Peer 1: 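One structure coming up, written as structure tokens, with questions to follow.
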There are 2 protein chains.
Amino acid sequence: MSKTDKRNDILNAAMTLFAEQGFHGAPMAQISERAGVGAGTIYRYFKNRDVLIMEIHTTLFDKFTNHLKERYPHGRPVRECFFHIGKGIIDYFIKQPLEFRYNEQFHHSPYGLEVRRNKLTNTTGEHDIVLELYEKGMEYQVIKPIPMALFFDLAIAPIFWAVRDHHQGFIKIDNALSETIVSSCWDSIRI
Amino acid sequence: MSKTDKRNDILNAAMTLFAEQGFHGAPMAQISERAGVGAGTIYRYFKNRDVLIMEIHTTLFDKFTNHLKERYPHGRPVRECFFHIGKGIIDYFIKQPLEFRYNEQFHHSPYGLEVRRNKLTNTTGEHDIVLELYEKGMEYQVIKPIPMALFFDLAIAPIFWAVRDHHQGFIKIDNALSETIVSSCWDSIRI
DNA sequence: TTTCATAGAATGAATATTCATTCTTGTTTA
DNA sequence: TAAACAAGAATGAATATTCATTCTATGAAA
């Protein structure tokens, strides 16, 4: 087994256990067991628990944003871009329950706040498609004149809550309902 | 000091510490210290840690719903009722940062899922004003025909996210912005 | 009024457990 | 053979809960 294999096993095991049981329900011993490695081996690949948690996040985040960027309708109207993103988020996380749960855990932990803070304050750097959408929407005056953070809240919050409800069995999101959700979010931000 | 005083001291100390440091950042010893009681005393009033956490939630929840029910415009149009609730939530949690943070912690923990499950499945029992609003909206066809859980998601999620952003300093919610937020949520659910 | 007895409230040191991290020893690879 | 890798036992710190003991308030007895 190659070096990267083992590293991946650890990442996967940890992601699954954190998703299923929360950060505090998954001790390192359990992670190592599930990954099929010794407890000490984890520390050959990750300095400590926190680093492991952050590493999982960046790995998942990259995978997720790559998915969103696939077939992204660059240059098309703001509304169309918004629908691409909204439905893309739903599609992705409906198919990936564990990644979704990991994400939820992460963003409601101290780690998550840090990340969000960087995201919202560092306008420089990373080329974020949602941020770009906001700026374009403002420029062409197709969305309400509201602060960027609020734009995120209105546009994204119901989507995540709805996906959560789907996974918890409160609703069943099919294509039609997905359309309804994104369309409703659009109604809340469009002028 | 009366018996209820001491119980209240414990509830308050625990609520504050849980809000500030999360459930896992506040050991019982710290709670007892802050409450000004012995470590063992907590266990005279609460069977164990979990019971304490649940008890805080029900206490806060009662307080919160009572606030929402004050001057509730019974019998008025659905839109007006919705604005009362939406702005009521914002007002309340802007003024009560600690209760808000406790709430967030709670609802993103295993305890929270349990509570929400009961809420959405037990249609009998508690007389919930948001539920009533949903049914009335359906009846008069002033809101979109969507599942109840999704109604919650669209109507409430951005409000909570926005309040969180306010407390984290990303936006500043004044009266005007509060109106904008609730109005935007309304746009997403109205027909 | 003062003294004593009692209930039960309160305490916090002691206990038992859990868990991240390190260390020692053995194994594989180059 | 030397160097890197892996395993899992050992360590020590943290922490929820318990429980033997102390304290306090009330009221009866002297």
Side-chain angles (χ1 to χ4, degrees), chain A residues 1-59 101-102 105-106 108-115, chain B residues 1-59 101-102 105-106 108-112 114:
Chain A
M1 186 187 295
S2 89
K3 193 165 169 165
T4 56
D5 273 353
K6 206 153 267 190
R7 192 187 136 94
N8 258 329
D9 290 349
I10 294 167
L11 279 175
N12 281 325
M15 192 272 279
T16 305
L17 288 172
F18 287 146
E20 285 174 349
Q21 314 180 22
F23 289 132
H24 304 278
M28 299 300 267
Q30 201 181 355
I31 293 170
S32 74
E33 191 189 1
R34 175 157 193 146
V37 304
T41 305
I42 296 178
Y43 291 85
R44 293 198 56 76
Y45 295 94
F46 306 94
K47 188 172 183 338
N48 56 40
R49 192 172 219 267
D50 285 359
V51 168
L52 174 59
I53 288 171
M54 280 302 298
E55 200 76 16
I56 294 172
H57 170 257
T58 55
T59 305
R101 296 203 52 192
Y102 185 89
Q105 301 279 347
F106 182 82
H108 292 279
S109 71
Y111 311 104
L113 172 57
E114 197 58 26
V115 168
Chain B
M1 187 188 291
S2 88
K3 192 164 171 167
T4 57
D5 272 354
K6 206 152 265 190
R7 194 188 135 94
N8 259 330
D9 288 350
I10 294 167
L11 278 175
N12 280 327
M15 192 272 277
T16 306
L17 288 172
F18 286 145
E20 284 173 351
Q21 315 181 19
F23 288 134
H24 304 277
M28 298 301 267
Q30 201 181 354
I31 293 169
S32 72
E33 191 189 2
R34 176 158 192 145
V37 304
T41 306
I42 296 178
Y43 292 85
R44 293 196 56 77
Y45 294 95
F46 307 96
K47 189 174 181 339
N48 56 40
R49 194 172 217 268
D50 285 0
V51 167
L52 173 61
I53 287 172
M54 280 301 299
E55 200 77 17
I56 294 172
H57 171 257
T58 54
T59 305
R101 296 202 52 192
Y102 185 88
Q105 301 276 348
F106 183 83
H108 293 281
S109 71
Y111 311 104
E114 198 59 25

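This is a predicted model, so every value here is computed, not measured. Below, read A as the first sequence line, B as the second, and so on, with proteins coming before strands; counting in each chain starts at 1.
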Peer 1: C/dA10 C1' sits how many Å from B/Tyr45 OH, rounded?
Peer 2: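 Distance check: B/Tyr45 OH to C/dA10 C1' gives 8 Å.
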Peer 1: Please report the closest heavy-atom contact between A/Gln30 and A/Gln21, naming both atoms and the distance.
Peer 2: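 It is NE2-NE2, 3.3 Å.
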Peer 1: What are the two closest non-hydrogen atoms of B/Ala13 and B/Ile31, and how far apart are they?
Peer 2: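 Smallest interatomic distance, heavy atoms only, reads CB-O, 3.9 Å.
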Peer 1: A quick test of your reading: do over 12 heavy atoms of other residues, nucleotides or ligands sit less than 6.0 Å from CD of B/Glu20?
Peer 2: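 Yes, because the 6.0 Å sphere around CD of B/Glu20 holds more than 12 heavy atoms from other groups.
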Peer 1: Taking all non-hydrogen atoms of both residues, which atom of A/Gln105 and which atom of A/Ala19 are closest, and how far apart?
Peer 2: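 Smallest interatomic distance, heavy atoms only, reads NE2-O, 3.9 Å.
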Peer 1: Starting from P on C/dC23, measure out to CZ on A/Arg44 and report it in whole angstrom.
Peer 2: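 Distance check: A/Arg44 CZ to C/dC23 P gives 14 Å.
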Peer 1: D/dA7, C/dA20, C/dA10: which one has an atom nearest the side-chain heavy atoms of A/Arg49?
Peer 2: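 Within the option list, the nearest is C/dA20.
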Peer 1: Could you tell me whether the side chain of B/Lys6 reaches within less than 4.5 Å of the side chain of B/Arg44, counting heavy atoms only?
Peer 2: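 Of all side-chain heavy-atom pairs linking B/Lys6 with B/Arg44, none is under 4.5 Å.
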Peer 1: Could you list the protein-to-nucleotides 13-17 of chain C atom pairs, N/O on both sides, closer than 3.5 Å?
Peer 2:
none

Peer 1: Calculate the interatomic distance between A/Tyr43 atom OH and C/dA20 atom P; express it in whole Å.
Peer 2: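 For the pair A/Tyr43 OH and C/dA20 P, the rounded distance is 6 Å.
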Peer 1: Got a sec? Which of residues 22-37 of chain B come in under 4.0 Å of DNA chain C, heavy atoms?
Peer 2: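 When residues 22-37 of chain B is checked for heavy atoms under 4.0 Å from DNA chain C, the hits, listed by number, are B/Val37.
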Peer 1: Mind listing the closest non-hydrogen atom pair of A/Ile42 and A/Val37 along with its distance?
Peer 2: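 Looking at all heavy atoms of both residues, the shortest contact is CG1-CG2, 4.4 Å.
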Peer 1: Let me know the distance between CG of A/Asn48 and P of C/dC19, rounded to the nearest Å.
Peer 2: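 So the two atoms are 17 Å apart, to the nearest Å.
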Peer 1: Supply the atom-to-atom distance A/His57 NE2 to A/Tyr102 OH, rounded to the nearest 0.5 angstrom.
Peer 2: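 Spacing of NE2 (A/His57) from OH (A/Tyr102) equals 8.0 Å.
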Peer 1: Please state whether the phosphate of C/dA9, meaning OP1 or OP2, lies under 4.0 angstrom from any side-chain nitrogen or oxygen of B/Lys6.
Peer 2: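 Looking at the OP1 and OP2 atoms of C/dA9, neither is under 4.0 Å from any side-chain N or O of B/Lys6.
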Peer 1: May I ask you to decide if the ring planes of A/Tyr111 and A/Phe106 are parallel, tilted or perpendicular, using 30° and 60° as cut-offs?
Peer 2: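 Taking A/Phe106 first and then A/Tyr111, their aromatic rings lie parallel (interplane angle under 30°).
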Peer 1: What does the 5'-to-3' dot-bracket notation of DNA chain D look like when only Watson-Crick and G-U wobble pairs under 3.5 Å count, and pairs to other strands show as |?
Peer 2: ||||||||||||||||||||||||||||||
Peer 1: List the atom of B/Ile10, the atom of B/Ala35, and the distance in Å for their closest heavy-atom pair.
Peer 2: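 B/Ile10 and B/Ala35 have their closest heavy atoms at CA-CB, 3.9 Å.
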Peer 1: Quick one: A/Gln21 CD to C/dT18 C1', roughly how many Å, whole number?
Peer 2: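 Going from CD in A/Gln21 over to C1' in C/dT18 covers 15 Å.
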Peer 1: To the nearest angstrom, how far is A/Ile42 atom CD1 from D/dA7 atom P?
Peer 2: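 That distance rounds to 10 Å.
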Peer 1: Rounded to the nearest angstrom, tell me the gap between atom CG in A/Asp5 and atom C1' in D/dA6.
Peer 2: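 That distance rounds to 15 Å.
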Peer 1: So which atom in A/Asn48 and which in A/Tyr43 form the shortest heavy-atom distance, rounded to 0.1 Å?
Peer 2: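 Residues A/Asn48 and A/Tyr43, closest heavy atoms: CA-CE2, 3.9 Å.
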Peer 1: Taking side-chain contact (heavy atoms from CB on, under 4.5 Å) as the criterion, tell me which of A/Asn12, A/Leu11, A/Val51 meets it with A/Ile56.
Peer 2: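 Result for side-chain contact (heavy atoms from CB on, under 4.5 Å) with A/Ile56: A/Leu11.
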